[in-house]
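Below is one structure, written out as structure tokens; the observations come after it.
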Amino acid sequence: GAGVSQSPSNKVTEKGKDVELRCDPISGHTALYWYRQSLGQGLEFLIYFQGNSAPDKSGLPSDRFSAERTGGSVSTLTIQRTQQEDSAVYLCASSFTSGGAGEQFFGPGTRLTVL
Amino acid sequence: AQSVTQLGSHVSVSEGALVLLRCNYSSSVPPYLFWYVQYPNQGLQLLLKYTSAATLVKGINGFEAEFKKSETSFHLTKPSAHMSDAAEYFCAVSDPNTGGFKTIFGAGTRLFVKA
């Protein structure tokens, strides 16, 4: 029974480059979430998916951020033209529920460093 | 818009003492409320949640929280702290009327337990 996995675990990139962060949710989980955790701050909601659909994209910080989910499973968060302020830990979570009160199971995160 | 305020970024207690971590929320509707814990070098995991059933909610590891609508609070307590409780604790809120998926987290409270 694998949990939520994320790759890469660490990513160092240069300012202006694009990065892709991957999330593999727990099998059968219909909901998938992306958060950003900056040093000393809580989790910042970015986006959630119900199946392959993202009903609320208002949490994405700018149009440089995008996310997709295919096959109701794997999700990719893409950051274009990275900036230093994008440096953070990006967390993915999934839940098995038709409603939002279900327990979210979190992955270990991807630590992104933009030089 | 919903929001969560956790009072005290750091709380220190002695082993065996009462643990009290404070959380106040802002919501125009009765919310879903959650406490998550992040142990050192581990992912976040759910401690407990309130979803409009009993106002006193019991969670794992002896923690409980009480939903007080009049005070817009959802404080986390444990009668007797253990060294293993040292971790970061996050309070979170979501809106059932929009499915409850968009989850807003507080900034977190780091709990230190002294021997």
Side-chain angles (χ1 to χ4, degrees), chain A residues 2-6 9-10 23-26 29-60 67 69 75 88-111, chain B residues 1-10 21 23-25 27 29-54 57 59-60 67 74 87-110:
Chain A
V4 177
S5 60
Q6 294 185 245
S9 56
N10 280 284
C23 173
D24 284 84
I26 294 172
H29 280 196
T30 55
L32 185 147
Y33 311 77
W34 282 100
Y35 297 91
R36 180 167 69 175
Q37 187 174 24
S38 302
L39 188 63
Q41 300 186 26
L43 278 71
E44 176 187 4
F45 171 85
L46 298 179
I47 192 170
Y48 80 88
F49 289 89
Q50 261 293 76
N52 293 333
S53 173
D56 186 346
K57 300 181 180 180
S58 62
L60 294 175
R69 187 180 186 193
S75 177
V89 176
Y90 289 82
L91 294 170
C92 175
S94 68
S95 67
F96 178 59
T97 180
S98 59
E103 176 178 359
Q104 294 183 34
F105 293 82
F106 283 81
T110 292
R111 182 176 298 277
Chain B
Q2 296 185 309
S3 65
V4 171
T5 301
Q6 292 185 240
L7 299 176
S9 58
H10 296 83
L21 305 182
C23 172
N24 287 89
Y25 68 90
S27 177
V29 299
Y32 293 148
L33 292 161
F34 310 83
W35 276 99
Y36 280 83
V37 60
Q38 187 172 31
Y39 296 105
N41 300 315
Q42 294 186 31
L44 281 86
Q45 63 183 89
L46 181 69
L47 264 181
L48 50 77
K49 66 180 180 181
Y50 167 77
T51 58
S52 78
V57 181
I60 61 172
F67 171 66
F74 190 57
E88 188 150 25
Y89 293 80
F90 295 92
C91 182
V93 63
S94 67
D95 181 357
N97 288 352
T98 57
F101 292 98
K102 183 175 181 178
T103 309
I104 306 302
F105 281 76
T109 297
R110 185 166 295 278

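First the proteins, then the strands, lettered A, B, ... as listed; each starts at 1. Because the structure is a prediction, the values reported are computed rather than measured.
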**Interface moiety of A/I47 toward chain B, non-hydrogen atoms closer than 4.5 Å** = neither
**Prompt:** Between B/A107, B/G43, B/S9, B/G106, which residue shows the highest count of heavy-atom pairs closer than 4.5 Å to chain A?
**Reply:** B/A107
**Message:** So for B/K102, is it side chain, backbone, both, or neither that comes closer than 4.5 Å to the heavy atoms of chain A?
**Reply:** both
**Message:** Pair B/F67, B/F74 - check ring pair (Phe, Tyr, Trp, His ring centres under 6.0 Å), show working.
**Reply:** CA-CA 5 Å; B/F67 171 66; B/F74 190 57; 7.0 Å; no
**Asked** Checking heavy atoms, do the side chain of B/Y50, its backbone, both or neither come under 4.5 Å from chain A?
**Response** neither
**Fill in**
Honestly, the part of A/F105 sitting under 4.5 Å from a heavy atom of chain B is neither
**Asked** Looking only at side chains, do B/S27 and B/Q2 share a donor and an acceptor under 3.5 Å apart?
**Response** yes
**Asked** Is there a donor-acceptor contact under 3.5 Å linking the side chains of A/Y90 and A/E44?
**Response** no
**Prompt:** Given that the side chain runs from C-beta out, which part of B/Q6 has a heavy atom under 4.5 Å from chain A: side chain, backbone, both or neither?
**Reply:** neither
**Complete:** With B/L44 as partner, the option from B/Y39, B/F105, B/Y89 fulfilling side-chain contact (heavy atoms from CB on, under 4.5 Å) is B/F105
**Message:** Taking CG in A/L39 as the centre, count heavy atoms belonging to other residues, nucleotides or ligands within less than 6.0 Å. Is the count above 12?
**Reply:** no
